[in-house]
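Report on one structure; see the data block that follows.
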Amino acid sequence: MSKLRAVLVGTGTYLPARVMTNDDLVKLVDTTDEWITARTGIKQRYIAADGEFTSDLAIKAANIALDDAGLKGSDIDLIVLATATPDQTFPATAVRVQTAIGMNHGAAFDLQAVCSGFIYAMATADNFIKAGQAKRVMVIGAETFSRILDWEDRTTCVLFGDGAGAMIFEAQIGEGTSEDKGILTTHLHSDGQYCDLLYVDGGPSSTQTVGHLRMNGKEVFRHAVKNIAEAINDSLTEAGLEAEDINWFVPHQANQRILDGTAKRLGIGNECIVSTVAQHGNTSAASVPLAFDVARKDGRIKDGQLVLMEAMGGGFTWGSALVRV
Ligand code: ACO
């Protein structure tokens, strides 16, 4: 039976010019390249310049995605921008992107699910398309986490970086089978009882400050492997597929040990997992589209393949999206 599908037609990413290596961090906090590498797999991260905002990164990624798709901003009718580090409390960073890409119709809004934001935004785009309320949706994950880090806290500041990634999805008619191109399934979860394990200690309503990221790393780690495995299983079960049917797993790039732990739990070979954690660090909502784009542009992810994306973040939030590209 024919079914509307959200088909990926373009991708784009942007990373700030400044690279901060582990050795650079040694000059700021009591840490070593060996500790960071062994515990996280991270070797470097990108940091936005002074005066370079989340919207600047998002606009660059969006324009590259438009070029990749052969589209103009006016061809897009919805922007869903996932970020936990907006330029301002309001207006939404998405409306800045809307204007900058020359889109003066439709709608643009921000979405907040921290590191799971891109998966939440993809699910939102998919549902707008399936409901017939949007024809082409720009999904963006963009973050400047460097602005909410406590640069004196070695337990958190070594983990995160800045960046942006965009994907454009277009409504196309499929057959309603897992052979269709496009987003095949999405699954979202949250559990607010864990909101104090990973949070920012400020906000407009509570402290009238932006605040800094705080985390109980050990507890986050413990929940991450379990929740990510659950999100992957949700997608596989609904699609009636096994892990070996998936060509590529594109996980949220939090920590190489979380990636390895999940792969081991599900029996997934490391050769099917896209890892950019060493180069990008954890870029929160930007990490999935950044990793996807690297593997697509270096030729690993090929047209027609099945890709399973997943993420877990503060809230806790977690989820997965199964896409035939
Ligand atoms: N450099 C050197 N030593 C450090 C550093 C550092 N950057 N940070 C902490 N340490 C020290 C600690 O002070 C502690 O010292 P002590 O034994 O003298 O007290 C020791 O290293 C061990 O600290 P732990 O916190 O127990 O280290 P752990 O093995 O748990 O690793 C880490 C910490 C990497 C944060 C880990 O818990 C983790 O990966 N958690 C997941 C968190 C994550 O990825 N969050 C991202 C956001 S959520 C998401 O995206 C899924």
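Note that the numbering runs from 1 along the sequence shown for the chain. Just follow the structure's listing: the first ligand is 1, and inside any ligand the first atom is 1.
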field: Whether Tyr194 and Phe316 hold their rings parallel, tilted or perpendicular, with breakpoints at 30° and 60°
entry: parallel
Which pairs of nitrogen or oxygen atoms, taken one from ligand 1 and one from the protein, are under 3.5 angstrom apart?
unit_1, atom_1, unit_2, atom_2, d
ligand 1, 1 (N), Thr31, OG1, 2.6
ligand 1, 3 (N), Trp35, NE1, 3.4
ligand 1, 3 (N), Arg154, NH1, 3.4
ligand 1, 7 (N), Thr31, OG1, 3.1
ligand 1, 7 (N), Arg154, O, 2.8
ligand 1, 13 (O), Arg154, NH2, 2.9
ligand 1, 21 (O), Trp35, NE1, 3.3
ligand 1, 26 (O), Lys218, NZ, 2.7
ligand 1, 27 (O), Arg39, NH1, 3.2
ligand 1, 29 (O), Arg39, NH1, 2.5
ligand 1, 30 (O), Lys218, NZ, 3.2
ligand 1, 37 (O), Gly217, O, 3.3
ligand 1, 39 (O), Asn255, ND2, 2.4
ligand 1, 40 (N), Gly217, O, 2.9
ligand 1, 50 (O), His252, NE2, 2.8
ligand 1, 50 (O), Asn282, ND2, 3.2

message: I'd like to know whether CD of Glu175 has more than 12 heavy-atom contacts from other residues, nucleotides or ligands below 6.0 angstrom.
response: no
- line: Hits for ring pair (Phe, Tyr, Trp, His ring centres under 6.0 Å) against Phe53, two or more places apart or cross-chain, chain-then-number order -> none
query: Do the charged groups of Asp33 and Lys43 touch, with an N to O distance under 4.0 Å?
result: yes
query: Which hydrophobic side chains are connected to Leu15, either touching it within the sub-4.5 Å cutoff or through other members that do?
result: Val19, Tyr46, Leu290
query: Quick one: side-chain hydrogen bond (donor to acceptor under 3.5 Å, both in side chains) pairs with a partner in residues 294-311, sequence neighbours left out?
result: Thr11-Arg296, Asp68-Arg296, Lys181-Asp303, Trp248-Gln305, Asp293-Lys297, Asp298-Arg300
